[in-house]
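Presented below is the structure to which this report refers.
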Amino acid sequence: MNIILLGPPGAGKGTQARKLVEERGMVQLSTGDMLREAQSSGSQMGRIVANVMARGELVTDEIVIGLIEERLTTVKADGFIFDGFPRTLAQADALAELLEKVGQRLDAVVEMRVDDAALVARVTGRFTCGDCGEVYHDRTRPLKVAGSCDVCGSANLKRRPDDNEDSLRQRLMEYYKKTSPLIGYYYAKGDLSVVDGLAEIDTVAGSIARVLDKA
Ligand code: AP5
Ligand code: ZN
Ligand code: ZN
């Protein structure tokens, strides 16, 4: 089963994708995570995208489509969760072509709906484990033991450089301008399901599970 998690910055795509990996053995394909990895490895692509990402703008379609193509053609999985991809109509068309090329289909697109005020609070309170990638929040998903990741015990806890109000405003603008047209695109294909992303993490997970079980 292959699904897209669609939603604005801070909607909870990464949080829910990690749950699906744990519970259903699916593989998470987060273009945001891939681009951050390219930056920390110091690759040429990482250097090219660093400023664009820090400002909250989208990197080029060519770069992200290339990243997804590389994974889809090399990773074997029971199902992929596309997290933060596609983000433009051109990316959506490219994904349809790539899936066809590898003999796979898209089973569901889950739009996670969250209002802007909640997104600011979520993004500005977020931190992640630099070793295992677990996603936390100062208030809604705090650490059980201060200074140490619940999952792997690491003290390497990080905040993203684009998690400030200015970059978030830009990310939201990009979302409404370039990504939200995908809602109509997938609705027209009969692939779209909407879940209330404002509910608690486990409640959202339950709503997504119901969508997947019907797909
Ligand atoms: P990316 O990393 O994809 O960032 P984003 O889309 O802005 O989304 P976030 O990761 O900020 O949010 P999320 O929905 O994953 O929320 P999370 O689960 O962490 O992209 C970053 C940048 O890379 C882009 O700006 C762009 O430059 C570039 N890029 C990436 N993909 C691209 C593409 N395809 N094309 C072009 N450019 C691309 O949750 C957020 C916080 O809320 C956490 O603290 C979490 O604990 C908390 N939380 C989650 N769910 C709940 C809940 N239900 N209740 C309360 N708190 C919650
Ligand atoms: Zn994310
Ligand atoms: Zn960890």
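Throughout, numbering of the chain's residues begins at 1 and tracks the sequence.
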Does a salt bridge link D166 with R55, judged by any charged N lying under 4.0 Å from a carboxylate O? no
In terms of side-chain heavy atoms, does D116 have a donor or acceptor partner in Y176 at a distance below 3.5 Å? yes
Is the backbone N or O of Q39 less than 3.5 Å from a side-chain atom of S43, with the two atoms forming a donor-acceptor pair by type? no
Using the rule that Ile, Leu, Val, Met, Phe, Trp and Tyr join whenever any side-chain heavy atoms are under 4.5 Å apart, tell me whether L198 and V195 fall into a single cluster. no
Please tell me whether L106 and L5 are part of a single hydrophobic cluster in this structure, the criterion being side-chain heavy atoms less than 4.5 Å apart. no
Below 4.5 Å, heavy atoms only, C-beta onward: do D213 and R210 meet side chain to side chain? no
Just wondering, do V27 and K76 contact through their side chains at under 4.5 Å, heavy atoms? no
Heavy-atom closest contact (A54 atom, S167 atom, distance): O-OG, 2.6 Å
Do V114 and I208 land in one hydrophobic cluster if side-chain heavy atoms of ILVMFWY residues count as linked below 4.5 Å? no
Please check this pair: side chain of T31 against backbone of G84, looking for a donor-acceptor N/O pair closer than 3.5 Å. yes
Does the side chain of Q16 reach to within under 4.5 Å of the side chain of I201, using non-hydrogen atoms? yes
Go through it in stages, so that I can follow the logic: the residues are F82 and I3, the test is side-chain contact (heavy atoms from CB on, under 4.5 Å), and I'd like the CA-CA distance, side-chain angles, deciding distance and then a yes or no. CA-CA 6 Å; F82 297 96; I3 68 157; over 6 Å; no
Does R87 offer a backbone N or O that forms a donor-acceptor pair with the side chain of Q91 under 3.5 Å? yes
Rounded to the nearest 0.5 Å, what separation is found between the OG1 atom of T15 and the CG atom of D83? 9.0 Å
Can a salt bridge be assigned to the pair R141 and D150 using a cut-off of 4.0 Å between side-chain N and carboxylate O? yes
Could you measure the distance from the CG atom of L72 to the CG atom of L67? Nearest 0.5 Å is fine. 11.0 Å
Rounded to the nearest 0.5 Å, the CD atom of E70 sits from the OG1 atom of T73 at a distance of 6.5 Å
List the steps and the verdict of side-chain contact (heavy atoms from CB on, under 4.5 Å) for T124 and N164. CA-CA 6 Å; T124 51; N164 57 73; over 6 Å; no
So does A121 get a backbone contact from the side chain of H137, meaning a donor-acceptor N/O pair under 3.5 Å? yes
For the pair S41 (side chain) and A38 (backbone), establish whether a donor and an acceptor sit closer than 3.5 Å, ignoring hydrogens and angles. yes
Is there a salt bridge (charged side-chain N to carboxylate O under 4.0 Å, His left out) between R159 and D138 once you walk through the steps? CA-CA 11 Å; R159 290 190 192 258; D138 293 324; 2.8 Å; yes
Going from OG on S30 to CD on E37, what distance comes out if it is rounded to the nearest 0.5 angstrom? 8.5 Å
Evaluate the side-chain proximity of V64 to L58: yes if any heavy-atom separation is below 4.5 Å, no if none is. no
Under a 3.5 Å distance rule, please check whether K13 uses its side chain to pair with a backbone N or O of G7 as donor and acceptor. yes
For R122 and G10, indicate whether the former's side chain and the latter's backbone hold a donor-acceptor pair under 3.5 Å. yes
If I compare all heavy atoms of P86 with all of I4, which pair ends up nearest, and what's the gap? CD-CD1, 3.6 Å
What distance do M34 atom CE and I63 atom CD1 have between them, rounded to the nearest 0.5 Å? 13.5 Å
Rounding to 0.5 Å, atoms CE (M112) and OG (S193) come to a distance of 12.5 Å
Honestly curious: do Y186 and F85 fall in one hydrophobic cluster under the side-chain, below-4.5 Å linking rule? yes
Electrostatic pair R171:D162 at N-O distance under 4.0 angstrom: yes
Between T203 and A199 (side chain of the first, backbone of the second, donor and acceptor by atom type, cut-off under 3.5 Å), is there such a pair? no
Flag this pair as yes if the NZ/CZ of K189 is under 6.0 angstrom from the six-membered ring centre of Y185 and inside a 45 degree cone about the axis; otherwise no. yes
Minimal non-hydrogen separation, A108 against A215, with atom names: CB-CB, 4.2 Å
Would you find a donor on one side and an acceptor on the other, under 3.5 Å apart, between the side chain of N51 and the backbone of I48? no
For the pair C149 and D131, evaluate side-chain contact (heavy atoms from CB on, under 4.5 Å) and give the outcome as yes or no after the intermediate values. CA-CA 9 Å; C149 171; D131 288 334; over 6 Å; no
Step by step, work out the salt bridge (charged side-chain N to carboxylate O under 4.0 Å, His left out) result for K19 and D202. CA-CA 9 Å; K19 282 176 124 8; D202 287 339; 3.1 Å; yes
Could you please spell out the steps behind the side-chain contact (heavy atoms from CB on, under 4.5 Å) verdict for R160 and R36? CA-CA 9 Å; R160 277 168 44 177; R36 280 183 287 276; 3.2 Å; yes
Would you call L172 and P9 a side-chain contact if the rule is heavy atoms closer than 4.5 Å? yes
Heavy-atom check, side chain of L157 versus side chain of C129, under 4.5 Å: yes
For residues 95-104, tabulate all N or O donor-acceptor pairs below 3.5 Å that involve a side-chain atom, not counting sequence neighbours.
{"from": "K101", "atom 1": "NZ", "to": "E69", "atom 2": "OE2", "distance (Å)": "2.8"}
{"from": "Q104", "atom 1": "OE1", "to": "N2", "atom 2": "ND2", "distance (Å)": "2.9"}

Tell me, do I183 and L6 make a side-chain contact under 4.5 Å, heavy atoms counted? yes
Closer than 3.5 angstrom, by distance alone: can the side chain of R71 be matched with the main-chain N or O of L29 as a donor-acceptor pair? no
R18 and its side chain to side chain donor-acceptor pair (under 3.5 Å) partner, picked from Q28, E134, E23: E134
So do D78 and M26 actually touch side chain to side chain, heavy atoms under 4.5 Å? no
Cluster overlap V204 with I81, hydrophobic side-chain contacts below 4.5 Å: yes
